[in-house]
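Shown next, in structure tokens, is the structure this report addresses.
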Amino acid sequence: MSVVVRNAQRSVFVRRVPLRRAVCVLRTALGVSRFDVGLVCASNALMQRLNSAYRQRPEPTDVLSFPFHQVAAGELPRPRCSGEYNLGDIFLGVEYIHQQCRDTGEDFEGVLVVTAAHGLCHLLGYRHDTKPAWEQMYRKEAQILEELNRLTGSRLRPLTAGLF
């Protein structure tokens, strides 16, 4: 199955091929390589509209995930037909992420991949609204990023270490 990356913004240059490859590795690490994923690189304006409409927060954000299946954290979707082999869509707020990286000095491309990993975990039911849920999600993110690091030689880690 596929990972489709669409760049819906023009402010920040995004290297789509390495991002797509990383998300493919992350899907495999999660055991969902047979599922399609949509990845949209979005502007602050689009992220603000989506965040306002779906979370009642009228400001841009780094990532929003829209799952195709409703599953509990740690469960895999159970498609009933070929058309249901879809995890959902991840919107990456690349302008927002780029600004954060400029402010902190972190590597934009690495942070983009880590943010995509976070979005993938959300598509699979992981949340971070309580400390136990955050701990579970953090462990899963660390696990899949460790696999990506092993295969690519990168040194990525979850960004949410200080959330709770």
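Note that the numbering runs from 1 along the sequence shown for the chain.
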Anything under 30° is parallel, anything over 60° is perpendicular, the rest tilted; go ahead and classify W134 against Y138. tilted

Can you label the angle between the H98 ring and the F108 ring as parallel, tilted or perpendicular, going by 30° and 60°?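 Perpendicular: the ring planes of H98 and F108 meet at over 60°.
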
Verdict with supporting geometry, V37 and V32, side-chain contact (heavy atoms from CB on, under 4.5 Å): CA-CA 10 Å; V37 173; V32 292; over 6 Å; no

F35 vs F68, ring pair (Phe, Tyr, Trp, His ring centres under 6.0 Å): CA-CA, chis, key distance, verdict: CA-CA 10 Å; F35 289 81; F68 186 83; 9.2 Å; no

Would you say [Y] ends up clustered with [X] if hydrophobic residues are merged whenever their side chains have heavy atoms under 4.5 Å apart, either directly or through other cluster members?
| X | Y | result |
| --- | --- | --- |
| V14 | V114 | yes |
| V3 | F66 | no |
| V5 | L64 | no |

Do you know which of L46, L39, V63 makes side chain to side chain contact (heavy atoms under 4.5 Å, CB included) with F91?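 Of the listed options, the one satisfying the test is L46.
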
Which heavy atom of [X] sits nearest a heavy atom of [Y], and at what distance?
| X | Y | answer |
| --- | --- | --- |
| S65 | G119 | OG-O, 3.0 Å |
| L87 | P77 | CD2-CG, 3.9 Å |
| D36 | S2 | OD1-N, 2.8 Å |
| S43 | Q9 | N-CB, 3.5 Å |
| G93 | M47 | CA-CG, 3.5 Å |
| A117 | I144 | CB-CD1, 4.0 Å |

Please examine the side chains of [Y] and [X], heavy atoms only from C-beta on, and report whether any two atoms are closer than 4.5 Å.
| X | Y | value |
| --- | --- | --- |
| K140 | L30 | yes |
| E135 | K131 | yes |
| L145 | P158 | yes |
| V40 | L92 | no |
| E147 | L151 | yes |

Restricting to side-chain contact (heavy atoms from CB on, under 4.5 Å), what partner residues turn up for S154, sequence neighbours left out?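 Here the qualifying residues are L148, N149, T152, L156.
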
Could you give the distance from [atom1] ([X]) to [atom2] ([Y]), rounded to the nearest 0.5 Å?
| X | Y | atom1 | atom2 | answer |
| --- | --- | --- | --- | --- |
| M137 | L124 | CE | CG | 9.5 Å |
| D107 | R155 | CG | CZ | 13.0 Å |
| Q136 | C121 | CD | SG | 10.0 Å |
| N86 | H69 | CG | NE2 | 6.5 Å |

Do any N or O atoms from the side chain of [X] and from the backbone of [Y] form a donor-acceptor pair under 3.5 angstrom?
| X | Y | result |
| --- | --- | --- |
| S33 | T28 | no |
| N44 | Y96 | yes |
| D62 | I97 | no |

Please assess H118 against H128 for the test side-chain contact (heavy atoms from CB on, under 4.5 Å), listing each intermediate value before the final yes or no. CA-CA 10 Å; H118 185 84; H128 47 76; 3.2 Å; yes

Which residues satisfy the salt bridge (Lys or Arg N to Asp or Glu O under 4.0 Å) test with [X], sequence neighbours excluded?
| X | answer |
| --- | --- |
| R55 | none |
| E84 | R80 |
| R127 | D129 |

Determine whether V113 and L26 satisfy the following criterion, side-chain contact (heavy atoms from CB on, under 4.5 Å), listing intermediate values before the conclusion. CA-CA 9 Å; V113 170; L26 293 167; 4.3 Å; yes

Do D103 and Q99 have a side chain donor and acceptor closer than 3.5 Å? yes

Once side chain to side chain donor-acceptor pair (under 3.5 Å) is applied, do any residues pair with R34, and if so which ones, sequence neighbours excluded?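 Side chain to side chain donor-acceptor pair (under 3.5 Å) list for R34, sorted by chain: Y85.
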
With sequence neighbours excluded, what pairs up with E106 under the side chain to side chain donor-acceptor pair (under 3.5 Å) test?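 So E106 forms no side chain to side chain donor-acceptor pair (under 3.5 Å) with any residue.
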
Evaluate side-chain contact (heavy atoms from CB on, under 4.5 Å) for V111 paired with Q100, printing each intermediate quantity in order. CA-CA 10 Å; V111 172; Q100 283 185 326; 5.6 Å; no

More than 12 non-hydrogen atoms from neighbouring residues, nucleotides or ligands closer than 6.0 Å to CD on E146, yes or no? no

